[in-house]
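Below is one structure, written out as structure tokens, with a few remarks after it.
When a residue number appears, it is its place in the shown sequence, counting from 1. Counting convention: from 1, in listed order, for ligands and their atoms alike.
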Amino acid sequence: MTADLTTARLTLRMPDARDHASYSAFFADAEASRFYGGPLLPYQAWERLAADIGHFMLKGFGRFVIEKDGQVIGGCGILDVDGWPGHELTWWLLPAARGQGIAQEASRAVLAWAGTELGWPRVETHFRDENTAARRLTESLGGTKQRRETFPDGIDRDIYAMPTTEKVSA
Ligand SMILES: CC(C)(COP(=O)(O)OP(=O)(O)OC[C@H]1O[C@@H](n2cnc3c(N)ncnc32)[C@H](O)[C@@H]1OP(=O)(O)O)[C@@H](O)C(=O)NCCC(=O)NCCS
């Protein structure tokens, strides 16, 4: 069981069965989820939820859900999928939650957690070239490009690294 992370505005907790509706809402939105494998039907969103819960069991870390004012508005955490070239800091936000610095605030909590709890000096991430929101977010977290790789899905992506030493601004 991984403890919750808290920031000034947010609580990050392990996903559980309550989160199916939030996952379904995000993945039903083709535009919002286009860089995240969407759109997906509700049963497919449930499979993503099950995988996110399972990731914590398999690796001891994973993608948290982000709660604000008691509502789940997105997710943020670290995935390390076997067969994929390395781990990644990853995020998704419902459209109404974007443009407020929420992914940045959640990421700072995850980076601090990775440094203190996992003992990692840095965390990597990657995204599609056209995902400008993910690039801006990564650069705002101190991320710098390390290398470019061809992923198992045949797509070339830049891989960035961010330091885990930043303090949570809660
Ligand atoms: C990637 C994603 C999470 C980024 O969301 P975001 O809202 O742009 O990121 P943040 O929550 O950190 O907000 C930053 C924005 O809020 C603004 N902002 C407002 N208040 C702010 C505050 N207090 N602090 C920081 N930024 C603030 C910033 O100016 C910035 O806007 P800009 O991008 O127009 O310059 C979002 O686009 C998403 O969910 N995409 C779909 C999933 C996805 O592609 N994930 C990555 C796959 S690899």
Side-chain angles (χ1 to χ4, degrees), residues 5-13 15 19 21-41 44-45 47-49 51-52 55 61-69 71-81 83-114 122-164 166-170:
L5 312 183
T6 54
T7 73
R9 294 182 289 180
L10 313 171
T11 299
L12 278 65
R13 63 162 173 80
D19 301 318
S22 303
Y23 274 61
S24 294
F26 173 70
F27 283 109
D29 186 328
E31 174 60 24
S33 63
R34 71 191 170 109
F35 292 126
Y36 232 51
L40 298 178
L41 295 168
Q44 295 169 314
E47 289 174 335
R48 288 293 185 99
L49 170 60
D52 280 358
H55 193 290
F61 58 88
R63 178 163 44 204
F64 299 91
V65 290
I66 303 171
E67 283 185 358
K68 183 168 181 286
D69 303 325
Q71 301 292 320
V72 172
I73 55 167
C76 177
I78 302 171
L79 294 185
D80 184 18
V81 175
W84 206 243
H87 66 269
E88 62 172 318
L89 180 67
T90 182
W91 332 259
W92 63 273
L93 288 177
L94 293 170
R98 296 183 190 178
Q100 302 165 49
I102 285 170
Q104 199 180 106
E105 186 170 319
S107 297
R108 289 188 192 285
V110 169
L111 289 170
W113 171 75
R122 57 185 218 147
V123 171
E124 291 188 347
T125 193
H126 54 259
F127 34 77
R128 301 280 288 260
D129 288 348
E130 57 272 39
N131 195 343
T132 51
R135 178 174 295 101
R136 273 207 300 271
L137 175 56
T138 297
E139 289 173 352
S140 79
L141 297 164
T144 53
K145 182 178 161 182
Q146 306 295 306
R147 60 192 184 278
R148 187 167 177 88
E149 283 198 28
T150 303
F151 281 64
D153 58 4
I155 296 172
D156 291 346
R157 294 178 179 85
D158 291 338
I159 297 177
Y160 284 68
M162 290 152 285
T164 58
E166 298 181 45
K167 299 235 182 309
V168 183
S169 59

Pick whichever of [options] has a heavy atom sitting closest to [atom].
{"atom": "atom 6 (P) of ligand 1", "options": "Gly99, Gly75, Ala133, Ser107", "result": "Gly99"}
{"atom": "atom 24 (N) of ligand 1", "options": "Ser140, Ala106, Gly101", "result": "Gly101"}
{"atom": "atom 23 (N) of ligand 1", "options": "Arg34, Gln100, Arg136, Arg135", "result": "Gln100"}
{"atom": "atom 38 (C) of ligand 1", "options": "Arg98, Arg157, Arg128", "result": "Arg98"}

In ligand 1, which numbered atoms sit nearer than 4.0 Å to a non-hydrogen atom of [X]?
{"X": "Phe35", "result": "44 (O)"}
{"X": "Ala103", "result": "3 (C), 9 (O), 10 (P), 11 (O), 12 (O)"}
{"X": "Trp92", "result": "39 (O)"}
{"X": "Ala32", "result": "41 (C)"}
{"X": "Leu137", "result": "12 (O)"}

Taking the six-membered ring for Trp, are the ring centroids of Tyr23 and Trp92 within less than 6.0 Å of each other? yes
Relative to the ring of His126, is the ring of Trp84 parallel (under 30°), tilted (30 to 60°) or perpendicular (over 60°)?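 Aromatic pair Trp84/His126 classed tilted.
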From CA spacing to verdict: side-chain contact (heavy atoms from CB on, under 4.5 Å), Arg13, Glu67: CA-CA 8 Å; Arg13 63 162 173 80; Glu67 283 185 358; 2.7 Å; yes
In the protein, which heavy atom is nearest to [atom], and how far is it?
{"atom": "atom 45 (N) of ligand 1", "result": "Trp91 O, 2.8 Å"}
{"atom": "atom 48 (S) of ligand 1", "result": "His126 O, 3.5 Å"}
{"atom": "atom 5 (O) of ligand 1", "result": "Leu93 CD1, 3.8 Å"}
{"atom": "atom 44 (O) of ligand 1", "result": "Asn131 ND2, 2.9 Å"}
{"atom": "atom 12 (O) of ligand 1", "result": "Gln104 N, 2.9 Å"}

For the backbone of [Y] and the side chain of [X], can you confirm whether one donor and one acceptor N or O come within less than 3.5 Å of each other?
{"X": "Ser33", "Y": "Tyr36", "result": "no"}
{"X": "Glu105", "Y": "Arg9", "result": "yes"}
{"X": "His55", "Y": "Asp80", "result": "yes"}
{"X": "Arg98", "Y": "Leu93", "result": "yes"}

Will you find, in the side chains of Glu130 and Thr132, an N or O donor that is under 3.5 Å from an N or O acceptor?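 There is no such pair (donor and acceptor under 3.5 Å, judged by atom type) between the side chains of Glu130 and Thr132.
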Heavy atom of protein inside 4.0 Å of [atom], strictly below:
{"atom": "atom 40 (N) of ligand 1", "answer": "yes"}
{"atom": "atom 35 (O) of ligand 1", "answer": "yes"}
{"atom": "atom 28 (C) of ligand 1", "answer": "no"}

Ala114 to Ile78 - nearest heavy-atom pair and separation: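 That closest heavy-atom pairing would be CB-CD1, 3.9 Å.
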Just heavy atoms, cut-off under 4.0 Å: does Tyr36 contact ligand 1 by side chain, backbone, both, or neither? side chain
Tell me which part of Ala97 gets within contact of ligand 1: side chain, backbone, both or neither, using heavy atoms under 4.0 Å.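 Neither part.
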With nothing but distance in play, are any N or O atoms of Glu88 less than 3.5 Å from an N or O of ligand 1?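 Min N/O separation from ligand 1 is not below 3.5 Å for Glu88.
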Indicate yes or no: does an N/O atom of Phe127 lie under 3.5 Å from an N/O atom of ligand 1?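 There is no such contact.
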For the pair Ser140 and Leu137, evaluate side-chain contact (heavy atoms from CB on, under 4.5 Å) and give the outcome as yes or no after the intermediate values. CA-CA 5 Å; Ser140 79; Leu137 175 56; 4.1 Å; yes
Assess whether side-chain contact (heavy atoms from CB on, under 4.5 Å) is satisfied between Trp91 and Thr125, documenting all intermediate values. CA-CA 10 Å; Trp91 332 259; Thr125 193; 3.8 Å; yes
Charged N to carboxylate O below 4.0 Å: is that the case for Arg148 and Asp129?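 Looking at Arg148 and Asp129, the cut-off is met.
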Working note: Tyr160 + Glu139, criterion side-chain contact (heavy atoms from CB on, under 4.5 Å); need CA distance, chi angles, decisive distance, verdict. CA-CA 9 Å; Tyr160 284 68; Glu139 289 173 352; 3.9 Å; yes
Quick one: does [X] get within less than 4.0 Å of ligand 1, heavy atoms only?
{"X": "Glu105", "value": "no"}
{"X": "Ile102", "value": "yes"}
{"X": "Gly74", "value": "no"}

Go through the steps for Gln146 and Thr144 under the test side-chain hydrogen bond (donor to acceptor under 3.5 Å, both in side chains), then give the verdict. CA-CA 6 Å; Gln146 306 295 306; Thr144 53; 3.1 Å; yes
